[in-house]
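Proteins get letters first, then strands, A, B, ... in listed order; numbering begins at 1 in each.
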Amino acid sequence: MNKLPYEDQLKELEKLAPELIKKEKKEKKVALPELPDAERGKVVTRFPPEPNGYLHIGHAKAAIIDHEYARMYDGKFILRFDDTNPENEDIIFYDAQREDLRWLGIEWDHEYNTSDNLGRHYQFALQLINQGNAYVCTCHPEEIRKNRFRGIECKCRKRDVDENKELWERMQSDLPQGKAILRLKGNMKSENTAMRDPTLFRIVEAEHPIHGDNYRVWPTYDFAGAVEDSIGGVTHPFRTKEYELRDEVYFYILDKLGLRKPYLMEFSRLDIEGMPVSKRLIKPLIEEGKVEGYDDIRLPTLRALKRRGIQPEAIKQFVLSQGISKVESKITFDQIEAINRKIIDPVAKRYFFVSNPVKVIVENAPEIEKDLKLHPTEDIGYRRIKTKNIFYISKDDANKYKVKDKVRLKDLYNIEITRVNNVIHSKFIGKELIPGVDKIQWVTDEHVETLILKPNPLFKNGKYNEKSLERIRGYAETAVKSVNIGGILQFERFGFVKIEKKEKEKIIGVFIHK
RNA sequence: GCUCCCGUGGUGUAGUCCGGCCAAUCAUUCCGGCCUUUCGAGCCGAAGACCCGGGUUCAAAUCCCGGCGGGAGCACCA
């Protein structure tokens with residue numbers, strides 16, 4: 001078999017096991033490109049979130065890529081909480097983020113907090129000071145900013161090692177926040193402004209969620225990130241493009257410290273049209289009550305996506321299809337929807353739902369009791385319905401028909417419209433399918449009131465979209481009551497819906513997508 | 001202002017490092033058709049792109065130069 005040319009092998013395979021070919025195609029599509037300098041079993045990646053909020057789709061991209069590469073090479077994947085700014089971190093987010101990751105289907109081989117390593121960071125700081133590669137700067141922040149912009153060195157840069165050591169000690173004890181920082185002795189004339197003596201450590205008085213007030217001097221991202229990647233054994237760290245200018249700092253620090261240099265890579269940020277990821281934009285909307293919270297179905301947080309019925313697998317496939325390029329793109333949500341639809345379509349039970357119901361009375365209506373399939377192609381069972389002479393159809397459908405029009409109540413029988421006022425009067429005209437006649441969904445007198453929340457883009461033209469949340473009211477067939485909370489179904493010709501809440505006489509669902 | 005990154009159909013991506021097999025991949029959207037007791041899924045078909053201008057070369061999406069456009073950085077946030 002293997003001696004045959006590839007084409008012939010494929011043909012043979014198609015005869016023997018066609019499903020294998022399809023699978024092969026699918027997997028090919030979602031595979032990430034090979035990693036440079038990667039050896040099977042030796043790749044180590046890491047996902048380093050700051051525990052300062054709920055994870056969103058942007059984090060998911062990073063986490064999935066990191067995780068996927070580790071698995072691809074039978075390597076190791078580390079979850080590292082980059083909790084080096086006590087002012088921002090909150091204990092609840094360590095757990096919340098773990099939960100979000102698990103939902104995504106990501107497991108990690110090792111977990112730790114950067115804050116647990118502060119002792120080592122101090123040692124490295126001291127090493128830099130002793131080597132003359134770092135100095136304590138006591139200039140005013142504004143002054144530092146200006147000098148950096150102009151490329152001018154300040155007087156602090158000339159301090160000798162002993163004085164720096166003494167000030168470094170005093171940073172740990174009595175120097176107030178904002179009065180002193182430890183800076184890397186880079187190059188104030190460098191074209192890369194990131195190299196103009198970046199801050200390595202600063203004083204933060206705030207209480208840390210894990211370490212309380214044990215420490216008051218905290219490393220910055222530049223320092224902690226580089227050091228942790230290196231001593232953590234990470235071989236292929238990824239980060240988003242906006243850090244690119246900091247690569248030089250990253251390697252410079254490791255170089256001066258004599259530490260191993262990982263293969264650092266960057267990719268573009270994920271930007272979804274109408275779905276802001278930034279807390280700066282979201283927080284005010286929550287405070288003003290315009291969105292419910294961080295799980296509001298219009299948001300791109302993982303919690304919102306979950307609530308909205310987006311499957312973790314869809315997010316994964318989507319992220320992998322995006323790859324690791326540096327091209328900035330504004331993706332539209334329908335790409336995620338398309339993937340999600342393919343996943344849920346085969347398992348979503350079909351039911352009838354009519355929005356803005358209009359009553360239909362049928363003359364000579366036969367009383368019928370029958371079973372309707374829960375899925376047109378998959379064998380997932382039936383639901384039983386009973387009909388008399390009263391029906392409801394959606395207003396959108398009702399508006400289309402006039403007297404003498406023939407319509408088929410789907411899966412039931414045909415009617416002809418006889419009179420239209422507040423209600424539609426009609427008569428039974430037979431059970432045989434009539435070619436070319438519209439088939440519409442309906443519910444009977446026995447139905448359940450249903451409210452569907454439908455998310456639309458939160459922002460339009462950069463402004464809050466007042467119509468970002470639609471509420472669609474209607475009736476669903478009673479069988480829907482048996483669907484569990486969290487269950488995903490399809491209201492035929494309406495769209496996929498996730499059941500969110502079941503009250504006594506009312507069901508609330510979330511519109512997933514068409 | 002300076003520096004860096006990016007620029008492939010409507011959208012997203014592959015290809016760009018190591019020029020030819022690229023009259024350019026795949027997906028999505030849109031359009032047409034088939035199928036279907038859903039306007040979903042599936043199937044078939046169609047349309048649609050290498051930012052612009054020079055240069056190098058037998059040959060450029062790919063290399064070089066210059067524009068233009070977009071993004072990022074110039075934090076004691078990450």
When we call it a touch if two heavy atoms are under 4.0 Å apart, what does Asp83(A) touch: a base, just sugar-phosphate, or nothing?
nothing

Which residues pass the ring pair (Phe, Tyr, Trp, His ring centres under 6.0 Å) test with Phe494(A), not counting sequence neighbours?
Phe353(A), Phe511(A)

When rounded to whole Å, the CH2 to P distance for the pair Trp442(A) and U38(B) reads 14 Å

Check the distance between C2(B)'s C1' and Arg148(A)'s CZ and give it to me in whole angstrom.
15 Å

Can you tell me which nucleotide in G40(B), C76(B), G12(B) comes closest to the side chain of Ile331(A)?
G12(B)

Taking A27(B) as the reference, what is the distance to U13(B) when you measure between their C1' atoms (whole Å, please)?
8 Å

Which part of the nucleic acid does Glu50(A) contact within heavy-atom distance under 4.0 Å: base, sugar-phosphate only, or nothing?
sugar-phosphate

Taking the nucleotide of RNA chain B with the closest heavy atom to each, which residue, Arg350(A) or Thr332(A), is nearer the 5' end?
Thr332(A)

Does either side chain, that of Asn456(A) or that of Glu470(A), offer a donor lying less than 3.5 Å from an acceptor on the other one?
yes

For Glu153(A), give me all partners under side-chain contact (heavy atoms from CB on, under 4.5 Å), at least two apart in sequence or on another chain.
Arg157(A), Met188(A)

Does any nucleotide pair with G45(B) by Watson-Crick or G-U wobble geometry, both distances under 3.5 Å, and what is it?
C31(B)

Can a side-chain donor-acceptor contact be found between His56(A) and Thr301(A) if the only test is distance below 3.5 angstrom?
no

For nucleotides 28-31 of chain B, list the nitrogen or oxygen atoms of the protein found under 3.5 Å from its nitrogen or oxygen atoms, one pair per line.
residue : atom : partner   : partner atom : Å
U28(B)  : OP1  : Lys342(A) : NZ           : 2.5

For C5(B) and A23(B), measure between their P atoms and round to the nearest Å.
30 Å

Nearest to the side chain of Lys439(A) - C76(B), G12(B), U37(B)?
U37(B)

Tyr243(A) (side chain) and A78(B) (base): donor-acceptor pair under 3.5 Å:
yes

Separation of atom CD in Glu266(A) from atom C1' in A78(B), rounded to whole Å:
14 Å

Which part of the nucleic acid, if any, lies within reach of Thr220(A) when heavy atoms closer than 4.0 Å are counted: base, sugar-phosphate only, or nothing?
sugar-phosphate

Quickly work out the Arg80(A) CZ to A78(B) C1' distance and round it to whole Å.
11 Å

Please classify the nucleic acid contact of Arg269(A) as base, sugar-phosphate, or nothing, using heavy-atom distances under 4.0 Å.
nothing

Say we look at U29(B) and C44(B): how far apart would their P atoms be, to the nearest angstrom?
16 Å

Any chance you could measure Leu254(A), atom CG, to Ser230(A), atom OG, to the nearest 0.5 Å?
5.0 Å

Residues passing the side-chain contact (heavy atoms from CB on, under 4.5 Å) test with Arg150(A), sequence neighbours excluded, are Lys146(A), Ile152(A)

Is there a Watson-Crick or G-U wobble partner for U3(B) with both distances under 3.5 Å, and which nucleotide is it?
A72(B)

Here the distance between atom C1' of G40(B) and atom OH of Tyr351(A), to the nearest Å, is 16 Å

Grab the N/O contacts between the protein and nucleotides 44-51 of chain B below 3.5 Å, and write none if there aren't any.
none

Would you indicate whether the side-chain heavy atoms of Thr114(A) and Arg80(A) approach each other to under 4.5 Å?
yes

With respect to the side chain of Ser325(A), which nucleotide from U13(B), A72(B), G40(B) is positioned closest?
U13(B)

Considering every strand and a 4.0 Å limit on heavy-atom distances, what is the contact class for Gln322(A): base, sugar-phosphate, or nothing?
sugar-phosphate

No-hydrogen, no-angle side-chain donor-acceptor test under 3.5 Å, Glu205(A) and Gln177(A):
no

So which one's nearest nucleotide on RNA chain B is more toward 5', Gln177(A) or Lys431(A)?
Lys431(A)

Could you check whether Ser268(A) gets within reach of a base, just the sugar-phosphate, or nothing at all, counting any heavy atom under 4.0 Å?
nothing

Taking the C1' atom in each of U56(B) and A78(B), what is the distance between them to the nearest angstrom?
45 Å

Asp271(A) CG to U13(B) P, in whole Å, measures 12 Å

Assert yes or no for the condition that the ring centre distance of Tyr351(A) to Phe491(A) is strictly below 6.0 Å.
no

Euclidean distance for P, C26(B) against C64(B) (whole angstrom):
29 Å

Rounded to whole Å, the CG-P distance (Asn147(A) to C76(B)) equals 12 Å

Does a donor on one side chain and an acceptor on the other come within less than 3.5 Å for Asp229(A) and Tyr250(A)?
yes

What is the distance from atom NZ of Lys514(A) to atom CD of Glu337(A), rounded to the nearest 0.5 Å?
12.0 Å

Applying a 4.0 Å non-hydrogen cut-off, can you work out what Gln441(A) is touching in the nucleic acid: base, sugar-phosphate, or nothing?
sugar-phosphate

Same-atom distance (C1') from U36(B) to A41(B), integer angstrom
9 Å

Answer yes if the ring centres of Phe201(A) and Trp218(A) are under 6.0 angstrom apart, and no otherwise.
no

For this output row, return yes or no: ring centroids of His236(A) and Tyr69(A) closer than 6.0 angstrom.
no

Test of ring centre spacing under 6.0 Å for Trp108(A) and Phe47(A):
no

Lys61(A) NZ to G12(B) P: how many Å, rounded?
12 Å

OP1 or OP2 of U13(B) less than 4.0 angstrom from a side-chain nitrogen or oxygen of Ser329(A), does that happen here?
yes

Taking C-beta and beyond as the side chain, do Leu270(A) and Phe318(A) meet within less than 4.5 Å on heavy atoms?
yes

When rounded to the nearest Å, what value does the distance between C1' atoms of A61(B) and U8(B) take?
7 Å

With a 3.5 angstrom cut-off on both distances, give the Watson-Crick or G-U wobble partner of G40(B), or none if there isn't one.
none

Any strand, both distances under 3.5 Å, Watson-Crick or G-U wobble: C26(B) pairs with G12(B)

With a 4.0 Å cut-off on heavy atoms, is Lys349(A) in touch with a base, just the backbone sugar-phosphate, or nothing at all?
nothing

Report which part of the nucleic acid Gly323(A) touches: base, sugar-phosphate, or nothing (heavy-atom distance under 4.0 Å, all strands).
nothing

Polar-atom pairs under 3.5 Å, protein N or O versus N or O of nucleotides 3-6 of chain B: list them with distances, or write none.
residue : atom : partner   : partner atom : Å
C5(B)   : O4'  : Glu244(A) : OE1          : 3.4
C5(B)   : O2'  : Lys241(A) : NZ           : 3.4
C5(B)   : O2'  : Glu244(A) : OE1          : 3.4

Could you give the distance separating C34(B) and C18(B) at their C1' atoms, to the nearest angstrom?
46 Å

